[in-house]
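This report refers to the structure that appears directly beneath it.
Residue numbers count from 1 along this sequence.
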Amino acid sequence: MPPKPKVTPRTNIDGAHQQNLHVRTGSRLSSKGKPLLAHKRLWLAVAVAVPLLATDWIPASSYLGGLKARLVESSAAFSYMPSGLAFVLLAALLSLVYLSATVGRPYLVFAYNCFIKPYLKSKPAGIESDEHQKRLEMFYEGQADVYDVTRRRLLRGRSTMLKLCAAQLRQYYPCHFANDFQVGKSGETVNDPSTLPSPPLSPSFLAGQDKRFAWIDIGGGTGENIERMNAFFPIRNFDKVYLVDITPSLCEVARKRFKRLGWTNVTVLCLDASKFEIPKEDGPEDLEIALITMSYSLTMIETYYPIVDRIAEVLAPSGIMGVADFYVSAKRSVDPTRQLGWFMRWFWAIWFDQDNVYLSPGRREYLEHKFKTIKALSGLNNFVKPFVKIPYYVWVGGQKDATMPTFALDAAAEEAVTRAEAGEFSDDEEETAGMTVPHPSADSKDLSTVSANHIHGQGFRWRQPFDPKLIERFSTYIYAFAWEDPRVDLEFLDLKPSDRMFVITSGGCNVLEYAIKVGPERIHSVDLNPCQNNMLELKLAAVSGLSYNDYWRLLGEGFIPNFSTILDTHLSPYMSPYAYHFWKQTGNFKNIFKTGCSGLAIRVFQFVVRVRGLRPVVERMCNASTIEEQNKIWLNELRPEFLSKWLIRILNNDRFLWGALGVPPAQMQMLLQEGSAHEYCVNTLDPVVASTHLRDDNYFYYMPLMLKFNPDAPGNPAYITEEGYNLLRAEPHRMDAIQIHTDYIMNVLNNKVKDGELTKVILMDHLDWFSVEDATAEIETVHKKMAKGGLVFWRSAGKHPWYNEIFAKTGFEVTKCQVREGETMYIDRVNMYASFYCGRKL
């Protein structure tokens with residue numbers, strides 16, 4: 001029988017509505033004052049005084065007249081101003097004085113304490129704990145009550161860090177909201193958790209979980225972070241929360257906050273964090289430290305090594321460490337996403353040093369040395385747009401050795417177990433049975449990120465480690481969706497669950513199609529462009545973390561509100577740090593189908609539609625009930641606009657072809673050998689519109705035209721359908737078969753694939769780009785890695801590509817699947833390639 005949940009009764013304090021108090025997520029608790037416009041007497045006085053002072057209504061002999069005369073004499077310029085202008089300036093002056101005394105007061109206090117007061121008083125110079133405390137107290141004592149208000153724009157990334165920590169905690173620690181709302185593994189919605197109430201019931205022992213866990217917020221100051229966290233991981237789920245800060249004035253504000261909220265499981269400790277010990281009365285022997293956070297405090301600690309070492313000692317193996325802080329990069333960083341120019345490194349290090357804030361890169365690097373990185377984000381805070389950009393980072397990590405065993409066996413391991421039980425192994429074989437061959441780079445250096453077998457390693461469930469220098473070469477992906485018809489692929493592939501595939505990632509759509517339709521034993525998905533693999537990671541994470549309704553909104557309709565928040569709260573646990581960083585920086589899209597290089601082509605098309613007033617015509621064609629009606633609209637109304645020779649001539653340049661369509665010059669030359677660019681467009685589009693029903697069966701053109709998938713189309717890709725989504729969630733081994741590699745194809749084949757392992761290979765059309773030497777080397781390597789009888793497939797812009805002969809000479813039997821010629825001008829729903837070939841290894 002599970003233990004009865006512990007519940008501390010609600011404290012007998014008045015509710016916020018009874019105290020005339022209001023609480024906003026991320027704000028301090030305060031009395032609700034009148035709005036500025038509600039001070040009727042003040043504005044009445046201003047309305048009477050300003051006209052009297054600005055005009056000649058006041059007699060010169062009166063006291064007020066004399067006062068006005070002296071005022072005018074003291075400012076000669078004022079006397080030459082027209083009455084109207086004087087009236088405006090006086091009103092502005094009075095408003096400025098009033099705002100400075102009310103709404104603007106916190107910012108004046110902040111400016112005085114930060115930029116003036118430090119130079120008026122001498123500060124203790126020692127590095128001992130008590131000297132450090134005195135320095136901080138001198139700095140904060142005069143601004144403690146306005147700290148929260150004045151730091152919201154300056155200290156960016158705190159909410160992001162808390163959301164990431166909460167998302168990771170929910171993968172291991174149960175999380176219950178007051179209204180039974182749940183997120184994480186069992187979540188069925190992506191409603192913003194910040195809108196959900198969580199009353200101050202604390203602590204709450206979790207039913208069925210024989211563990212107690214706590215959170216330590218180091219340098220927590222006024223406690224605002226703890227109040228914010230309540231929206232993402234309610235505080236009542238923690239048995240204890242410790243706010244540790246060395247500054248007495250800030251700790252006093254925090255105590256008042258939690259007393260007012262009634263959170264009795266939160267303890268404020270005013271001491272040096274390196275001396276922190278769990279109080280004996282809290283039962284430290286069975287209390288897990290599940291979370292430790294440092295929000296803009298690591299850079300303020302004089303000697304940070306003992307603090308970080310102490311954190312590593314007390315953090316539970318399943319615990320999370322979260323940091324948000326300022327930073328400057330080293331002169332040369334391994335991670336290009338954090339690299340800053342020389343001026344940024346120099347200026348901000350000197351600027352913050354004046355306030356005893358130390359931005360040396362060694363602090364962040366030591367964190368990454370002591371812990372494994374789970375998520376990381378480097379950004380610029382546009383504090384004063386567009387000039388002042390302050391570098392900051394968010395980092396979430398875990399213990400280095402917090403690995404967990406896996407009980408999932410692939411086919412080779414299952415066979416090894418079966419043979420061992422039957423006594424079929426020799427002595428030498430028994431030592432290596434079921435073992436995997438490590439990638440050569442894996443044991444050459446200690447990777448700073450978590451691995452797939454880490455307790456919090458869900459983000460590396462699919463993504464394989466790669467050289468981060470590749471990130472510098474690619475700022476975006478080419479394809480947001482695949483442009484190869486998987487229906488035709490599956491028709492010729494003869495795919496089986498026992499197959500081991502090697503494919504190019506592209507938009508990732510076809511990888512998911514193969515996983516749903518058949519579920520091969522292994523799918524090696526390869527792309528040199530990290531951003532293309534980020535797109536596949538997004539789709540895999542969406543399957544894992546979103547309800548179907550929200551999944552459809554994101555990938556079926558191309559947009560979901562609050563994507564950045566959803567990325568933190570629901571998708572981040574299933575993403576690698578690289579993919580998370582990419583989507584956090586580029587996730588402000590209005591339609592995901594209009595992003596990337598292919599999105600440029602879609603935007604050009606949409607521009608032509610808008611300029612020519614063709615939107616109603618496009619919608620009529622896409623919603624036509626029959627192919628005949630659809631083709632008639634195309635031929636009579638749209639074709640003259642889109643296949644006009646002037647438009648094709650404008651778009652027929654190398655920069656647009658590569659930047660928008662992913663067609664390099666070498667491939668374009670192959671295409672032109674078959675005819676002109678105009679003839680190519682005609683031979684591609686006319687057969688498609690005449691042969692397929694866009695609304696029901698051809699999402700390749702319906703989606704770019706309508707900027708969304710048709711939810712009722714029977715021809716949609718399987719991963720978009722609810723049936724496919726449910727199958728991937730119900731049978732996770734289908735997704736676990738996917739390994740995402742970010743590297744050259746040759747490197748992946750030579751380092752990650754065993755000889756004779758592959759049974760199905762799909763090379764798409766990339767051999768069109770290659771030289772003879774490069775094509776020969778790749779084809780020979782593919783032959784070496786394929787099993788006898790294995791099939792390799794390729795498409796080409798040419799009807800009879802030159803490298804067919806290389807396949808034949810290397811040991812493949814080449815057969816024609818489809819060629820676009822003669823009366824067969826329609827070969828698949830994309831119809832952009834001139835040919836489709838297959839090679840069987842002899």
Side-chain angles (χ1 to χ4, degrees), residues 480-481 483-485 487-488 556-558 591 593-594 598-653 656-657 660-661 663 668 671-672 674-717 797 799 818-834:
F481 47 91
W483 274 95
E484 286 79 21
D485 192 345
R487 180 185 295 171
V488 174
E557 297 177 356
N591 189 296
F593 305 127
K594 295 171 69 173
S598 61
L600 174 60
I602 293 177
R603 292 195 300 274
V604 169
F605 168 80
Q606 295 292 338
F607 174 77
V608 174
V609 169
R610 185 169 60 253
V611 169
R612 303 294 292 177
L614 298 173
R615 172 51 54 186
V617 181
V618 169
E619 292 180 356
R620 280 195 293 112
M621 183 182 74
C622 290
N623 293 314
S625 57
T626 64
I627 295 177
E628 291 74 17
E629 180 187 354
Q630 165 188 289
N631 195 39
K632 182 178 179 181
I633 297 172
W634 165 253
L635 293 176
N636 296 332
E637 301 181 63
L638 287 179
R639 189 180 188 277
E641 302 288 345
F642 294 121
L643 292 186
S644 61
K645 292 186 177 181
W646 68 266
L647 180 60
I648 293 176
R649 189 177 298 113
I650 291 174
L651 300 180
N652 184 19
N653 64 82
F656 178 80
L657 290 172
L661 301 177
V663 178
M668 187 62 187
L671 183 150
L672 293 177
E674 307 291 347
S676 67
H678 183 266
E679 290 173 338
Y680 169 79
C681 293
V682 169
N683 292 335
T684 296
L685 298 177
D686 279 354
V688 165
V689 181
S691 304
T692 64
H693 195 196
L694 302 186
R695 186 189 69 184
D696 292 342
D697 195 44
N698 197 331
Y699 62 87
F700 293 100
Y701 290 93
Y702 181 93
M703 185 271 293
L705 290 168
M706 301 298 291
L707 295 178
K708 63 180 181 179
F709 286 90
N710 178 7
D712 302 318
N716 277 341
K799 297 176 183 177
Q818 295 175 320
V819 176
R820 199 175 72 180
E821 60 183 353
E823 296 182 358
T824 310
M825 297 305 293
Y826 171 78
I827 59 176
D828 60 34
R829 291 177 294 177
V830 178
N831 210 42
M832 284 189 174
Y833 299 100

- Compare every heavy atom of L614 with every heavy atom of F642, then report the nearest pair and how far apart it is. CZ-CD1, 4.2 Å
- Quick one: salt bridge (charged side-chain N to carboxylate O under 4.0 Å, His left out) pairs with a partner in residues 630-639, sequence neighbours left out? R620-E637, R639-D686
- Item | Straight-line distance of S625 OG to Q630 CD, nearest 0.5 Å | 10.0 Å
- Task: With sequence neighbours left out, write down each residue that passes side chain to side chain donor-acceptor pair (under 3.5 Å) with T824, or none if nothing qualifies.
- Result: none
- Nearest non-hydrogen partners of E557 and F593, listed with the distance: C-CE1, 4.0 Å
- Under the ring-ring contact (aromatic ring centres under 6.0 Å, His included) rule, collect the residues that match up with W634, sequence neighbours excluded. none
Please tabulate, for side-chain N and O atoms in residues 604-612, each donor-acceptor pair with protein atoms closer than 3.5 Å (sequence neighbours left out).
residue : atom : partner : partner atom : Å
Q606    : OE1  : R615    : NH2          : 2.5
Q606    : NE2  : P704    : O            : 3.0
Q606    : NE2  : L705    : O            : 3.4
R612    : NE   : E641    : OE1          : 2.9
R612    : NH2  : E641    : OE1          : 3.3
R612    : NH2  : E641    : OE2          : 3.3

- Message: If the condition is side-chain contact (heavy atoms from CB on, under 4.5 Å), which residues does T692 pass it with, not counting sequence neighbours?
- Response: V688, L694, N698, Y826, R829
- Item | Counterpart residues, ring-ring contact (aromatic ring centres under 6.0 Å, His included), relative to Y701 (two or more places apart) | W483
- Query: side chain to side chain donor-acceptor pair (under 3.5 Å) with D828: which residues, sequence neighbours excluded?
  - Reply: none
- Query: Just how far is it from atom OH of Y702 to atom CG of N710, taken to the nearest 0.5 Å?
  - Reply: 4.0 Å
- Where V830 and D485 come nearest, the two heavy atoms and their spacing: CG2-N, 4.0 Å
- Query: Quick check: does any side chain N or O of N591 sit under 3.5 Å from a backbone N or O of L707, one acting as donor and the other as acceptor?
  - Reply: yes
- Note on the structure: Of all heavy-atom pairs linking E629 and T626, the shortest is N-OG1, 3.1 Å
- Message: To check you understand the geometry: which heavy-atom pair defines the closest contact between A713 and D696, and what is its length?
- Response: CB-O, 3.5 Å
- Query: Is the closest side-chain heavy-atom distance between V488 and I827 below 4.5 Å?
  - Reply: no
- Query: Is Q818 close to Y833 at the side-chain level, that is, under 4.5 Å between some pair of heavy atoms?
  - Reply: no
- Query: With sequence neighbours excluded, what pairs up with E619 under the salt bridge (Lys or Arg N to Asp or Glu O under 4.0 Å) test?
  - Reply: none
- Check side chain to side chain donor-acceptor pair (under 3.5 Å) between R695 and all other residues, then give those that pass, not counting sequence neighbours. none
- Message: Test of understanding: with side chain to side chain donor-acceptor pair (under 3.5 Å), list the residues that count as partners of E821, not counting sequence neighbours.
- Response: none
- With sequence neighbours excluded, what pairs up with R487 under the salt bridge (Lys or Arg N to Asp or Glu O under 4.0 Å) test? D697
- What one should report as the nearest heavy-atom pair of I627 and A690 is CG2-O, 3.4 Å
- Residues two or more places apart in sequence or in another chain: which of them pass side-chain contact (heavy atoms from CB on, under 4.5 Å) with P711? W552
- Message: Would the distance check show the side chain of N683 and the main-chain N or O of M825 forming a donor-acceptor pair, the cut-off being under 3.5 Å?
- Response: no
